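A short worksheet on the structure shown next.
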Protein chains: 2
Amino acid sequence: MITTDLHPVDEEGAQEFRSRTSETYARIHGDVVSGKLKPGVKLKIEQLREEYDVGATPVREALSFLAADGLVVREDQKGFRVAEVSADEFEDLLAVRCMIEERALRLAISRGGRKWEEGIVLARFRLSGVGRIEGNEAEWERHHRAFHMSLLAACGSSLLLRLSKQFYDENNRYRHLSRLNHATTRDVRGEHEEIAEAVLARDTDRAVGLLVEHYTKTGNLLRIALKDLATDGHG
Amino acid sequence: MITTDLHPVDEEGAQEFRSRTSETYARIHGDVVSGKLKPGVKLKIEQLREEYDVGATPVREALSFLAADGLVVREDQKGFRVAEVSADEFEDLLAVRCMIEERALRLAISRGGRKWEEGIVLARFRLSGVGRIEGNEAEWERHHRAFHMSLLAACGSSLLLRLSKQFYDENNRYRHLSRLNHATTRDVRGEHEEIAEAVLARDTDRAVGLLVEHYTKTGNLLRIALKDLATDGHG
DNA sequence: CTGGACTAAAATATCGATATTTGTTGACGC
DNA sequence: GCGTCAACAAATATCGATATTTTAGTCCAG
């Protein structure tokens, strides 16, 4: 297992953290992904120190980790800032993500066993259960991430899983920044059902096709929203 | 540009660092990749502090960054240690790396222009110039990395480039750990020439085939060496 | 012996303070 | 005016010291 426990929660939320650094990492990570911390914003240590009520060391450590993740950019002697977004970067991300997840999904379908199937069923059930009524946003987000990861869980490659999670989060940031409601725009729930069915039926090509289409559809919407963001978002 | 300047040198070596953190990161990174710091060993802050003559903060920041890179593992309240290696992890790495580089190479060949070609020619020349006589190891390593990256440089995807570099380094660690001499075992120089020729001739399929074969060959040797490492390396 | 609980030592994680660097403002000379 | 440079202010990077947690060792009860 290459990954470190600094990474955000995978399944159940509301864990307790064993270090200030982990907690601070999770919080900043969440704030960047959710768009609360906007692209390009300067991340002043003193400010974050106060915001999260913690010392400078955990803040700097969390930011260092985030920098390697790609969500934050560091420049020596000039501190940290939230990574910029752009249409080009997004295209790049989407394409690489599709490639990674396709591979992971194919492997998972060929290798996955009973336990993997049950994980998908469970994740699908949870996701379908929580409507996106306001207040449940966070919970829906968590279940949505868990669902998508459950599909790949049995791929047998910790590297592919790590990358899938990382890119999921990065893509998610774009979605939030575009204020794209996701669930309201299309029949996302239906798409999830379809994907889950295809996967569980071991219909590999169909599953991959649906998954990539799922991402591409969102991508197309994001692409449009990004243009607006680029034009009026300067300020 | 998502990457941060903490990453190790890409082209010319012997740069000066603008912060203790960068320098410490580069040094630890080098020591892990070169195998001087062996898999599983505990990275005690105090010890590193002394070794690199630097405070605790830069050390911890560098380690946090390395943890996200995957070269180091962190466990809350238990500090850092060098990431373990295993045959399985290596297979995983090799497979993902081939996929990533294949994509990057195809894109580079289709998109690359005059400048990209010149970069390859230059890198090939430099690599061929420095024989692997003892003492030149470091220089050869640098040119070798630069050569492989020059092939992909024009792929147009900063993400693919970032991943390629990361996986190159990780693969390189396995090579060093296996004490595989690389250059002596096969006609590696010839392979590099062949690859460069195919790439410059824009013979995409051949280039990809050669590159993947190049990695796979090394992989096969590493696989053997790894078994030995696993059996007698316990100590 | 064996195992659990307590103690001492080591190492981590964290804070508060300081030195260095960068950014900014405004006076001065051209 | 306009660029330049110096002093000041802000922020970063870094250190040294402290609190907390883990680890190792030891002693006794069973």
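No experiment lies behind these values; they were computed from the predicted model shown.
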note: A/Glu75, atom CD; D/dA11, atom P; distance rounded to Å ~ 17 Å
Within this structure, what is the CG-to-C1' distance between A/Leu63 and D/dT12, rounded to whole angstrom?
12 Å
Just jot down the salt bridge (Lys or Arg N to Asp or Glu O under 4.0 Å) partners of A/Glu46, sequence neighbours excluded, or say none.
A/Arg49
Take the protein atom CZ of A/Arg81 and the nucleotide atom C1' of D/dT12, then report the distance between them rounded to whole Å.
13 Å
With a 4.0 Å cut-off on heavy atoms, is A/Leu43 in touch with a base, just the backbone sugar-phosphate, or nothing at all?
sugar-phosphate
Distances for protein N or O near nucleotides 18-24 of chain D N or O, under 3.5 Å:
residue	atom	partner	partner atom	Å
D/dT22	OP1	A/Arg18	NH2	2.6

May I have the distance from B/Arg74 (atom CZ) to C/dA11 (atom P), rounded to whole angstrom?
18 Å
Can you tell me how far C1' of C/dA11 sits from CD of B/Glu50, to the nearest Å?
14 Å
Report the residue (B/Glu46 or A/Ala56) whose heavy-atom-nearest nucleotide on DNA chain C is the more 5′ of the two.
B/Glu46
Taking 4.0 Å as the cut-off, does a side-chain nitrogen or oxygen of B/Arg20 come that near to OP1 or OP2 on D/dC15?
yes
In whole Å, what is the span from the CD atom of A/Glu61 to the C1' atom of C/dT12?
10 Å
Could you tell me the separation between the CG atom of B/Leu48 and the C1' atom of C/dT12, rounded to a whole number of Å?
13 Å
Measure the distance from CZ on B/Arg49 to P on C/dT12 and round it to the nearest whole Å.
12 Å
Kindly point out which of D/dC15, C/dC15, C/dT12 is positioned nearest to the side chain of B/Lys44?
C/dT12
Salt-bridge test for A/Arg173 and A/Glu170: reply yes if a basic N is under 4.0 Å from a carboxylate O, no otherwise.
no
Short side-chain N/O contact to D/dT12 OP1/OP2 from A/Arg60, under 4.0 Å:
no
Check this for me: does any side-chain nitrogen of one of A/Glu137 and A/Arg142 sit under 4.0 Å from a carboxylate oxygen of the other?
no
Taking the inter-plane angle between the rings of A/His148 and A/His192 on a 0 to 90° scale, is it parallel (under 30°), tilted (30 to 60°) or perpendicular (over 60°)?
perpendicular
Could you check whether A/His144 and A/Glu139, counting side-chain N and O atoms only, form a donor-acceptor pair closer than 3.5 Å?
no
Cationic tip of A/Arg97 within the cone over A/Tyr215's six-membered ring, i.e. under 6.0 Å and within 45° of the normal?
yes
Relative to the 5' end of DNA chain D, which residue comes earlier, B/Val54 or A/Ile45, by the nucleotide with the nearest heavy atom?
A/Ile45
Taking only side-chain N and O atoms of A/Thr21, does any of them lie within less than 4.0 angstrom of OP1 or OP2 on C/dT14?
yes
Run the salt bridge (Lys or Arg N to Asp or Glu O under 4.0 Å) test against B/Arg20 and tell me which residues pass, sequence neighbours left out.
none
